[in-house]
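Within every chain, numbering begins at 1; the chains are lettered A, B, ... in the order of the sequence lines, protein sequences first and strands thereafter. As the structure is a prediction and not an experimental result, all values here were calculated from the model.
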Protein chains: 2
Amino acid sequence: MTEQTQAARRPTRQRAAIAQALTGTVEFRSAQEIHSSMAGDGTRVGLATVYRNLQAMAADGEVDVIRTADGEAVYRSCATDDHHHHVVCRSCGLAVEVTGDAVERWAEAVAAEHGFTQVRHTVEIDGLCAECAARR
Amino acid sequence: MTEQTQAARRPTRQRAAIAQALTGTVEFRSAQEIHSSMAGDGTRVGLATVYRNLQAMAADGEVDVIRTADGEAVYRSCATDDHHHHVVCRSCGLAVEVTGDAVERWAEAVAAEHGFTQVRHTVEIDGLCAECAARR
DNA sequence: GCGCTTCATGACAACGATTCTCATTCGGGA
DNA sequence: TCCCGAATGAGAATCGTTGTCATGAAGCGC
């Protein structure tokens with residue numbers, strides 16, 4: 001039903017640059033941050049293009065998106081293609097990928113218990129990473 | 001640090017009206033929806049006031065807030081004061097409160113494992129409720 | 001290599017949710 | 001009842017994000 005995504009996606013300089021800007025980062029960053037960081041590197045790409053590509057990549061599962069507390073969308077390219085979650089540092093933004101069969105099963109069970117089907121879930125954990133905690 | 005919230009909150013007609021509008025609803029609703037639903041009932045309250053009160057109530061834990069996929073904040077007054085999560089119907093918005101020691105423990109454990117402290121977490125489950133699923 | 005057709009891009013306007021500003025109103029204690 | 005400060009309301013201002021549309025670059029058949 002929602003298959004056939006990456007049908008015809010044309011490889012462009014901009015798309016590559018965005019993917020490039022995303023690799024090697026362990027923090028989640030907003031479209032705007034990515035845009036200006038690219039601008040800082042001398043790569044001129046339109047803001048709208050950044051948004052479009054980021055969304056497309058997210059739809060294809062190439063990158064992960066989560067929402068910050070104030071509703072801003074932040075992106076990051078993840079190491080695994082598999083379903084996973086994140087533990088994010090509130091202070092420095094460091095994000096660690098984690099998997100947890102326990103949660104997956106719990107979510108399924110709880111949903112089923114209430115008669116829900118076609119279940120999806122969101123699980124994000126945030127706190128202070130060891131480094132930031134020590135720095136206080 | 002973030003204590004001492006409900007210090008001095010003055011009870012006003014508007015505040016009561018908003019609380020009123022929230023009770024007896026099992027769906028999460030946006031500030032705008034609440035505002036216009038109140039307007040429909042003949043209760044005139046400024047939109048800014050709705051936002052302010054909703055935020056204050058959320059800060060006091062009187063209501064729960066979650067973000068929809070497109071980043072909009074939606075509110076609902078919950079039955080329990082205790083920490084809990086929700087299973088939300090994507091189709092009709094029905095929201096059921098659930099608790100899960102399993103998740104809480106998992107979150108703590110996973111975070112600790114990576115050296116994180118002062119951990120908080122977000123867990124939301126969405127799917128189709130039995131009724132909506134049958135209706136298809 | 002040469003056009004052509006089509007999709008992607010970029011600049012900027014438009015939008016929608018939320019927040020801010022500031023004059024006015026109202027609640028509550030003196 | 002009077003006064004002070006908190007709460008409100010109207011509308012402007014913000015800010016992230018999306019839409020518009022003319023221009024530019026890819027892919028493809030020749």
Side-chain angles (χ1 to χ4, degrees), chain A residues 4-22 27-60 62-76 88 93 124, chain B residues 4-22 27-60 62-76 93:
Chain A
Q4 196 244 344
T5 23
Q6 61 224 72
R9 187 71 53 69
R10 193 176 291 179
T12 64
R13 174 181 67 76
Q14 293 81 341
R15 161 167 291 268
I18 295 172
Q20 171 65 41
L22 238 15
E27 295 98 33
F28 274 88
R29 295 157 75 206
S30 70
Q32 315 249 8
E33 283 170 345
I34 293 169
H35 175 254
S36 57
S37 114
M38 285 174 43
D41 295 353
T43 313
R44 282 184 65 264
V45 174
L47 182 56
T49 301
V50 175
Y51 272 103
R52 274 189 295 247
N53 277 295
L54 246 16
Q55 283 178 194
M57 294 164 89
D60 287 358
E62 291 175 46
V63 300
D64 279 7
V65 205
I66 59 181
R67 295 258 170 197
T68 61
D70 59 315
E72 196 178 6
V74 287
Y75 305 80
R76 134 158 196 189
V88 184
E124 296 301 339
Chain B
Q4 196 246 344
T5 23
Q6 63 223 73
R9 188 68 55 67
R10 189 177 296 179
T12 64
R13 175 181 67 76
Q14 293 82 342
R15 164 170 288 269
I18 294 171
Q20 171 65 42
L22 240 13
E27 294 98 34
F28 274 89
R29 295 156 76 206
S30 71
Q32 315 252 5
E33 283 169 347
I34 293 168
H35 175 254
S36 58
S37 114
M38 286 175 41
D41 295 352
T43 313
R44 282 185 64 263
V45 174
L47 182 56
T49 302
V50 175
Y51 273 103
R52 274 189 295 246
N53 278 295
L54 245 17
Q55 283 177 192
M57 294 164 88
D60 286 359
E62 290 175 46
V63 301
D64 279 6
V65 205
I66 58 181
R67 293 260 170 198
T68 60
D70 59 316
E72 195 178 9
V74 287
Y75 306 80
R76 132 155 199 192

statement: note: Q32(A), atom CD; dC15(D), atom C1'; distance rounded to Å ~ 8 Å

task: Report the nucleotide, chosen from dT8(D), dC7(C), dT17(D), that has the shortest atom-to-atom distance to any side-chain atom of R10(A).
output: dC7(C)

- request: State which of dA11(C), dT18(C), dT17(D) makes the closest approach to the side chain of A48(A).
  value: dA11(C)

- request: Classify the nucleic acid contact of R13(A) as base, sugar-phosphate or nothing, counting any heavy atom under 4.0 Å across all strands shown.
  value: sugar-phosphate

- request: Write down the distance between NE2 (H35(B)) and P (dG16(C)), rounded to a whole number of angstrom.
  value: 16 Å

query: How long is the line joining CD of E72(B) and C1' of dC15(C), in whole Å?
result: 13 Å

task: Determine the contact category for N53(B): base if any of its heavy atoms lies under 4.0 Å from a base atom, sugar-phosphate if only primed atoms, P, OP1 or OP2 are that close, otherwise nothing.
output: sugar-phosphate

- line: The nucleotide from dT17(D), dT20(D), dA10(D) with an atom nearest the side chain of L47(A) is dT17(D)

field: Backbone of V45(A) reached by a side-chain donor or acceptor of H35(A) within 3.5 Å
entry: yes

task: Classify the side chain of R52(A) versus the base of dG10(C) as yes if they form a donor-acceptor pair under 3.5 Å and no if they do not.
output: yes

message: Is the phosphate of dT18(D) approached by Y51(A) (side-chain N or O, under 4.0 Å from OP1 or OP2)?
response: no

- prompt: Has T49(B) got a side-chain N or O lying under 4.0 Å from the OP1 or OP2 atom of dG9(D)?
  reply: yes

message: Does a side-chain N or O of Q55(A) approach OP1 or OP2 of dT17(D) to a distance below 4.0 Å, or not?
response: no

Below 4.0 Å: OP1/OP2 of dA17(C) and any side-chain N or O of S30(B): no

- request: Provide, to the nearest angstrom, the distance between the CE atom belonging to M57(A) and the C1' atom belonging to dA8(C).
  value: 15 Å

- prompt: Are T12(A) and dC7(C) close enough that a side-chain N or O sits under 4.0 Å from OP1 or OP2?
  reply: no

message: Counting the atoms with a prime plus P, OP1 and OP2 as sugar-phosphate, which does E33(A) contact under 4.0 Å by heavy atoms, base, sugar-phosphate, or nothing?
response: nothing

Below 4.0 Å: OP1/OP2 of dA10(D) and any side-chain N or O of R44(B): yes

task: Between dG27(D), dG19(D), dG16(D), spot the one nearest the side chain of P11(A), thanks.
output: dG27(D)

task: Round to a whole Å and report the spacing from CZ of R9(A) to P of dC7(C).
output: 13 Å

message: From CD1 of I66(A) over to C1' of dG16(D), roughly how many Å is that when rounded to an integer?
response: 17 Å

field: d(CZ, R15(B); C1', dC26(C)) in whole Å
entry: 15 Å

query: Counting only side-chain N and O atoms of Q14(A), is one of them less than 4.0 Å from OP1 or OP2 of dA25(D)?
result: no

message: Quick check against the 3.5 Å criterion: does R29(B) have a side-chain atom that pairs as donor or acceptor with the backbone of R76(B)?
response: no

- request: Mind calculating the distance between CG (L54(A)) and C1' (dG10(C)) to the nearest angstrom?
  value: 16 Å

